[in-house]
Number of protein chains: 2
Amino acid sequence: MVTIADIAREAGVSRATVSLALNGKPGVAPETRRRVLEIAERLNYQPNASAKGLALQKTQTIGVIVPDISSPFYAELVRGVEEEAGKHDYHLILCTTAGKRAREAAYLRLLGERRVDGMILATPRGQEEAIHRFREARFPLAIVDRDIPSADEIIEVVVDNLQGALTAVEYLLDLGYRRIGFINGLPDLQASRDRLRGYQLALRERGIVPDKHWICVGDYQEKGGYRCMQRLLKVKPPLEAVFVASDLMAMGAIRAIRKAGKDVPGDIAVVGFDDIPLSEFFNPPLTTVRQPIARMGAIACRLLLQEIRGETILERKVTLRTELVVRASTPSAEKGGDKQGK
Amino acid sequence: MVTIADIAREAGVSRATVSLALNGKPGVAPETRRRVLEIAERLNYQPNASAKGLALQKTQTIGVIVPDISSPFYAELVRGVEEEAGKHDYHLILCTTAGKRAREAAYLRLLGERRVDGMILATPRGQEEAIHRFREARFPLAIVDRDIPSADEIIEVVVDNLQGALTAVEYLLDLGYRRIGFINGLPDLQASRDRLRGYQLALRERGIVPDKHWICVGDYQEKGGYRCMQRLLKVKPPLEAVFVASDLMAMGAIRAIRKAGKDVPGDIAVVGFDDIPLSEFFNPPLTTVRQPIARMGAIACRLLLQEIRGETILERKVTLRTELVVRASTPSAEKGGDKQGK
DNA sequence: GACCATTTCTAAACCGATTAAATCACATCG
DNA sequence: CGATGTGATTTAATCGGTTTAGAAATGGTC
């Protein structure tokens, strides 16, 4: 592997000069610089990132920790991060934890050893004290899709889950439904708790007291949605609609509904959450609360890089708005109007 | 940040001794080792990976290049790689190219600078000469889901695409269909070419000459499948079935078919390829050719690590078998039997 | 020609580890 | 008692860069 010393020898100058020349620093004669560059090119010189990292105490790398890269939500999130990072010549070390606390802790440690310049964390709960250690060490950290209470210094990018859930359920109410079920994700995510609150709030606003049997806790996966829906189908009198805390679970719910010989949205209307790439193409296309997933990743990354560069950041807490996307898993407005008319 | 020197000072020994103690090397008195370990623990010592990388010429990192992490296929592939890598204490640097040759080249270069211990490449075509450079430099490289001709030394993990396509189309033929269309992916992937050949072979075996209008080239995405199917729906007399080279496209095809007011599998049967996680839950559940995607990633990773460790590898070319998974986008056997009877 | 300022370049220290070779302390043996 | 061996430890070089202080060369001024 060709090093700076090789170039120095070839060019008949010192290593210091080569370094200065290659990095465009002042104090090198134009002719010398030209020659060094030309030789570097010819020898196909590739600066050793480890050496550079050691000397500069900077690795041009950020660590990303997610539960599972094969989940569409996290895949999309990572895509957003990666695109933004790439623009700034930063690399990603990808860590997936499979939801295991132990792996989370191990990766947190490993990324520390790697001396990554910053980290993006998108895992549910856990590692609170690790997070506070980082904060105290003024280590750049961004948290996505999760509220970590009382830590002003930490970058946080979330979506307004309460508002999103509220809007979704209000939409169902406007369509004339009153018996509306809710399939939630695991309650160790702040997002789940907020969506639950939004659901409850919307119903209460209209004077509806949700029965606790209308609510089921899933796992954000397809199967959880399927299982929950099977439970909710037993509710008497039957539910008219369900709000589901993730699109993956909404797909499972729809599968369960059809398996029971019922129609979506004819018998039961379904609203999901996330708007993962496939929701648009699902059958039926999902009415859902869109989160700007990739954008959340990109914003977290951008803020993190600003923090790394030591730029001043006006606001470390970013809350993005959701948007209700109406497709075919809920009846079209006219039909809803009919229903309301009854 | 605490370094080996801090520990040395604290323990009253030299840095060399600390290094030996921490790495479990012989020649350190048990009592000294104990003390060093205890101090390292207490100071929360984290070895600097850059320094280590520089000294050992080894980074415990592999680079992974894929076109797009938010595509279910590649997400699943990366998951397989990551799991395997994690077992061996290896980290992943994730690079996505969005199919752009320029980004591919840039990442190849950057990973070189990172001195990753090896690379896994899962991109269509391109970079042939870069690949050959790596090969000549005896740099560990594994290629997944793509044939790179004439390079025995390079690890390659592929699936038997021809066999898979053949089986799928034969299955449709056995169901009694004769007018079978084909939606392919971009022909710059060897996989696409093999699947096309499998399709043609199966038909020819039964004395059917596929009309060129039965074949459409998509892009492996949902939208491509939709677009292609719209074209294939115009074929007269109408096709009875389509074989689609990816599940994502199959989903698009089904969307188009339903939009045209036809039923799957009643009017047109559909067989996909890949068996991505959602295919099982799609509506209708997809009959498809299963690729062991995560396993391909894991195997590529394992072989790569063996290569890195300098272990002898018996066979660098691994071809995995596919498996036809029958679900509901094709009629059940009885119905097919009827059809054949006509 | 002496003096000074600039420009260009280099020597050497440093980043934080590993490791081969040298040294040291101490026990064993002839 | 001196030679020898052994185990523990240290010294110093090394990996491949960056950076600072200062040397050397150049040119201008009086």
Side-chain angles (χ1 to χ4, degrees), chain A residues 1-37 39-40 43-61 89 91 109-117 137, chain B residues 1-37 39-40 43-61 89 91 109-117 137:
Chain A
M1 198 91 278
V2 21
T3 73
I4 226 171
D6 299 321
I7 300 179
R9 196 177 323 112
E10 185 86 6
V13 297
S14 72
R15 287 159 46 203
T17 303
V18 175
S19 175
L20 295 175
L22 289 175
N23 291 304
K25 301 256 169 96
V28 181
E31 162 57 15
T32 310
R33 167 159 297 154
R34 217 214 76 258
R35 200 156 29 106
V36 167
L37 257 37
I39 293 172
L43 300 184
N44 187 31
Y45 167 70
Q46 297 185 307
N48 183 319
S50 291
K52 227 166 169 153
L54 184 57
L56 296 177
Q57 304 283 34
K58 204 152 168 311
T59 53
Q60 293 285 111
T61 307
D89 258 313
H91 273 190
R109 178 176 187 85
L110 246 45
L111 290 179
E113 298 185 357
R114 281 286 151 101
R115 303 293 193 270
V116 292
D117 296 341
Chain B
M1 198 89 279
V2 21
T3 72
I4 226 171
D6 299 320
I7 300 179
R9 196 177 323 110
E10 185 87 5
V13 296
S14 74
R15 288 158 46 207
T17 303
V18 174
S19 174
L20 295 176
L22 289 175
N23 290 305
K25 300 258 171 95
V28 182
E31 161 56 17
T32 311
R33 166 160 296 150
R34 219 213 75 257
R35 206 167 26 150
V36 167
L37 256 36
I39 293 172
L43 299 184
N44 188 29
Y45 167 69
Q46 297 186 308
N48 183 317
S50 291
K52 227 168 167 151
L54 184 57
L56 296 178
Q57 303 283 37
K58 202 154 168 313
T59 54
Q60 293 285 111
T61 307
D89 260 313
H91 273 189
R109 180 179 185 84
L110 247 43
L111 290 179
E113 298 187 357
R114 281 285 149 103
R115 303 291 195 268
V116 293
D117 296 340

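To find a chain, count down the sequence lines: A is the first, B the second, and so on, and within it residues start at 1. Predicted model only: the values in this text are computed from it and were never measured.
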K.L.:
Please report, rounded to the nearest Å, how far the C1' atom of C/dG16 is from the CZ atom of B/Arg9.
P.N.:
13 Å
K.L.:
Taking the minimum atom-to-atom distance to the side chain of A/Thr32, which one of C/dA11, D/dT9, C/dT8 wins?
P.N.:
C/dT8
K.L.:
Ignoring the backbone of B/Val13, work out which of D/dA8, D/dT10, C/dC9 is nearest its side chain.
P.N.:
D/dT10
K.L.:
At under 4.0 Å between heavy atoms, which parts of nucleotides 13-24 of chain D does protein reach? Answer with one letter per nucleotide, 5' to 3': B base, S sugar-phosphate only, - none.
P.N.:
--BBBBB-----
K.L.:
Is any side-chain heavy atom of B/His91 closer than 4.5 Å to a side-chain heavy atom of B/Asp117?
P.N.:
no
K.L.:
Checking A/Arg33 side chain against A/Lys25 main chain: does a donor-acceptor pair fall under 3.5 Å?
P.N.:
yes
K.L.:
CD1 of A/Ile39 to CD of A/Glu10: how many Å apart, nearest 0.5 Å?
P.N.:
5.0 Å
K.L.:
What closest approach, in Å, do A/Thr3 and A/Asp6 show between heavy atoms, and which atom pair accounts for it?
P.N.:
N-OD2, 2.7 Å
K.L.:
How long is the line joining CD of A/Glu31 and C1' of C/dC9, in whole Å?
P.N.:
14 Å
K.L.:
Donor-acceptor pair, distance only, cut-off 3.5 Å: does the side chain of A/Arg115 make one with the backbone of A/Thr59?
P.N.:
no
K.L.:
Side-chain atoms of residues 45-54 of chain A: list all donor-acceptor pairs with protein atoms under 3.5 Å, sequence neighbours left out, distances to 0.1 Å.
P.N.:
residue : atom : partner : partner atom : Å
A/Asn48 : OD1  : A/Ser50 : N            : 2.7
A/Asn48 : OD1  : A/Ala51 : N            : 3.1

